[in-house]
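Accompanying notes for the structure given below.
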Amino acid sequence: MTAATRPRLDDPLVLPRGPAWKNRLALAPLTNMQSHADGTLSQAEFRWLTMRAAGGFAQVMTCAAHVLPGGQAFPGQLGIWSDAHLPGLARLAAAIRAAGAVSCVQLHHGGRRADPKLTGETPVSPFACAETGARALSTGEIEQVIAGFAAAARRAEAAGFDGVELHGAHGYLVAAFLDSENNHRADGWGGDFAGRSRIFLALVEAVRAATGPAFQLGMRLSPERFGIRLADARRLAGLLLASGRLDWLDLSLWDVTKAPEDPEFAGTRLIDHFTDLPRHGAALGVAGKILSAARADACLAGGADFVFIGRGAILHHDFAARALADPGFSARPLPVARADLAAEGLSPAFVDYMATWKGFVAA
């Protein structure tokens with residue numbers, strides 16, 4: 001890649017399926033605790049997301065939406081496990097499109113991190129977890145989880161969304177299958193790499209079978225932590241990209257400049273272990289402390305196709321428009337006043353949640 005051929009932030013992004021994105025800046029899926037207790041969309045969450053659609057982002061993705069009642073991980077989480085969620089979802093998809101952005105729902109199951117106080121159910125995981133009280137899924141229950149993700153994707157398409165992203169990161173249910181330290185299942189869904197990676201490929205196939213040929217599909221991965229080896233994450237990323245079934249792969253890096261935690265890979269950057277993979281037409285997106293136009297552009301220069309903006313989009317609903325207009329743009333410094341966050345479309349519940357992030361909200 002040369003300076004002349006590498007993508008720019010304002011370049012459109014054409015994916016294998018569905019509508020092109022108007023630029024290379026996407027809204028990261030962000031926990032916001034603004035939905036109603038039954039998982040239906042609230043006006044607060046509608047406002048938060050549609051402000052970002054109007055703020056220049058090419059794609060706007062919802063927070064993690066749980067695909068089964070027992071998968072809820074936090075209060076105020078958006079749901080997509082029932083047709084009762086469809087009216088709010090349809091209203092949101094239409095409004096995002098009207099504001100000029102491509103729409104997406106992130107599909108999620110909390111697994112061992114699901115909250116039994118919210119679900120009334122014992123958390124589940126590929127393996128029993130004494131710390132969280134989670135029990136191991138049966139083989140048949142794994143198939144039911146896959147069916148739940150497929151049904152949720154079909155529901156998102158029916159609501160008018162352009163695509164979905166499968167949440168395979170951060171130690172939640174799907175990511176836990178790749179955990180080499182704990183997933184020792186002997187039924188084909190654990191043990192060796194083929195068994196531990198099987199659910200990722202099965203979910204992709206199930207969603208593709210459940211949705212139309214123009215529906216976009218992405219996958220979020222954690223490249224390390226939660227029992228995941230960097231070598232396994234890289235191998236899985238390569239398989240997913242080579243499958244021809246994904247439109248994008250989303251790498252949640254925590255910090256796009258960081259080094260791997262595995263001392264075996266000291267002296268390298270985490271991002272560089274993925275940007276060299278053949279993509280087979282899919283796009284590679286990265287997320288992690290991208291708080292300026294320069295940092296976003298550096299990700300593209302380093303081999304990413306697009307970037308996900310999280311904290312920057314919390315601080316500025318129009319982060320994308322600002323970054324596209326001004327190469328020197330950088331997000332406001334922390335901590336930030338509650339009134340400023342409210343002006344950016346965060347409800348009191350969302351601001352209270354951000355106050356749990358050290359140094360984010362001014363006292």
Side-chain angles (χ1 to χ4, degrees), residues 26-42 44-46 48-49 52 59-82 85 88-89 92-93 96 103-116 118-119 121 123-125 132 145-146 148-153 155-156 159 161 163-178 199-200 203-204 207 216-222 225-226 248-254 285 287-288 308-311 313-314 346-347 349-350 353-354 356-357:
L27 177 68
L30 292 164
T31 299
N32 59 70
M33 301 193 179
Q34 296 183 119
S35 288
H36 296 303
D38 62 358
T40 55
L41 184 78
S42 71
E45 191 158 12
F46 177 87
W48 146 257
L49 290 167
R52 274 71 199 163
Q59 188 213 52
V60 168
M61 193 183 303
T62 70
C63 68
H66 55 302
V67 302
L68 291 170
Q72 184 176 1
F74 47 86
Q77 184 174 4
L78 187 66
I80 192 168
W81 48 266
S82 166
H85 299 129
L89 292 169
L92 177 60
I96 290 173
S103 59
C104 181
V105 179
Q106 189 186 62
L107 304 183
H108 169 261
H109 190 298
R112 61 182 164 173
R113 298 181 66 184
D115 188 342
L118 298 173
T119 67
E121 300 180 21
V124 295
S125 173
T132 62
V145 167
I146 294 170
F149 272 89
R155 201 168 279 119
F161 282 89
V164 294
E165 178 177 89
L166 305 173
H167 197 326
H170 303 166
Y172 294 114
L173 182 62
V174 178
F177 277 85
L178 197 60
I199 194 161
F200 294 84
L203 285 170
V204 167
V207 169
Q216 296 181 342
L217 175 60
M219 172 77 77
R220 169 162 272 207
L221 293 182
S222 293
R225 297 169 55 182
F226 306 105
W248 71 86
L249 185 66
D250 167 8
L251 295 176
S252 183
L253 302 176
W254 297 282
F308 283 104
I309 306 298
R311 298 183 191 199
I314 293 172
L346 279 69
S347 71
F350 196 176
Y353 170 62
M354 295 311 303
T356 67
W357 292 29

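As the structure is a computational prediction, the values presented were derived from the model and not from experiment. What's counted below: heavy atoms across the whole structure, side chains too, no hydrogens, waters or symmetry copies.
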### Query
Distance from His66 atom NE2 to Leu118 atom CG, nearest 0.5 Å?
8.5 Å

### Atom pair CG (Leu27) and SG (Cys63), whose distance is rounded to the nearest 0.5 Å
10.5 Å

### Euclidean distance, Trp48 CH2 relative to Ile314 CD1, rounded to 0.5 Å
5.0 Å

### Task
Search all heavy atoms of Leu346 against all heavy atoms of Phe350 and return the closest pair with its distance.
CG-CD1, 3.4 Å

### Message
Counting C-beta onward and ignoring hydrogens, is there a side-chain heavy-atom pair between Phe149 and His109 closer than 4.5 Å?
### Response
yes

### Task
Mark yes or no for whether Gln59, through its side chain, and Cys104, through its backbone, hold a donor-acceptor pair below 3.5 Å.
no

### Query
Can you find a pair of side-chain heavy atoms, one from Arg220 and one from Pro29, that are under 4.5 Å apart?
yes

### Query
Does Ala93 offer a backbone N or O that forms a donor-acceptor pair with the side chain of Ser103 under 3.5 Å?
no

### Message
I'd like to know if the side chain of Gln72 reaches the main chain of Phe74, judged simply by a donor and an acceptor atom lying under 3.5 Å from each other, with no hydrogens or angles considered.
### Response
yes

### Query
Going by distance alone, is a donor N or O of one side chain under 3.5 Å from an acceptor N or O of the other, for Glu45 and Ser35?
yes

### Query
If you take all heavy atoms of Ala156 and Ile80, which pair is closest and at what distance?
CB-CD1, 3.8 Å

### Message
Just so I know, are the side chains of Leu166 and Met219 near enough to count as touching, which here means a heavy-atom distance under 4.5 Å?
### Response
yes

#### Entry: Distance in Å, Leu178 CG paired with Phe200 CZ, rounded so as to fall on 0.5 Å steps
5.0 Å

### Task
Dump the intermediate steps for side chain to side chain contact (heavy atoms under 4.5 Å, CB included) on Thr62 and Leu89, then the final yes or no.
CA-CA 10 Å; Thr62 70; Leu89 292 169; 5.6 Å; no

### Message
Could you tell me if Glu165 and Trp248 have a donor-acceptor pair between their side chains, going purely by distance under 3.5 Å?
### Response
yes

### Task
Would you confirm whether Gln34, through its side chain, and Ala349, through its main-chain N or O, come within 3.5 Å as a donor-acceptor pair?
no

### Message
Within this structure, what is the CD-CZ distance for the pair Gln216 and Phe161, rounded to the nearest 0.5 Å?
### Response
13.0 Å

### Message
Just verifying a value: how many Å separate Leu30 CG and Phe308 CZ, rounded to the nearest 0.5 Å?
### Response
10.5 Å

### Query
Parallel, tilted or perpendicular: which describes the rings of Phe226 and His170, with under 30° parallel and over 60° perpendicular?
tilted

#### Entry: Minimal non-hydrogen separation, Ala287 against Asp250, with atom names
CB-OD1, 4.5 Å

#### Entry: Closest heavy-atom pair and its distance - Gly70, Ala114
O-CB, 3.4 Å

### Query
Taking all non-hydrogen atoms of both residues, which atom of Gly171 and which atom of Arg112 are closest, and how far apart?
O-NE, 3.7 Å

### Message
Do Asp115 and Thr119 have side chains that approach each other closer than 4.5 Å (heavy atoms only, starting at C-beta)?
### Response
no

### Query
What are the two closest non-hydrogen atoms of Leu68 and Gly148, and how far apart are they?
CD2-CA, 4.2 Å

### Query
Given side chains that start at C-beta, do those of Leu217 and Val164 come closer than 4.5 Å, heavy atoms only?
yes

### Message
Using side-chain heavy atoms (C-beta onward) and a distance below 4.5 Å, is Leu49 in contact with Asn32?
### Response
no

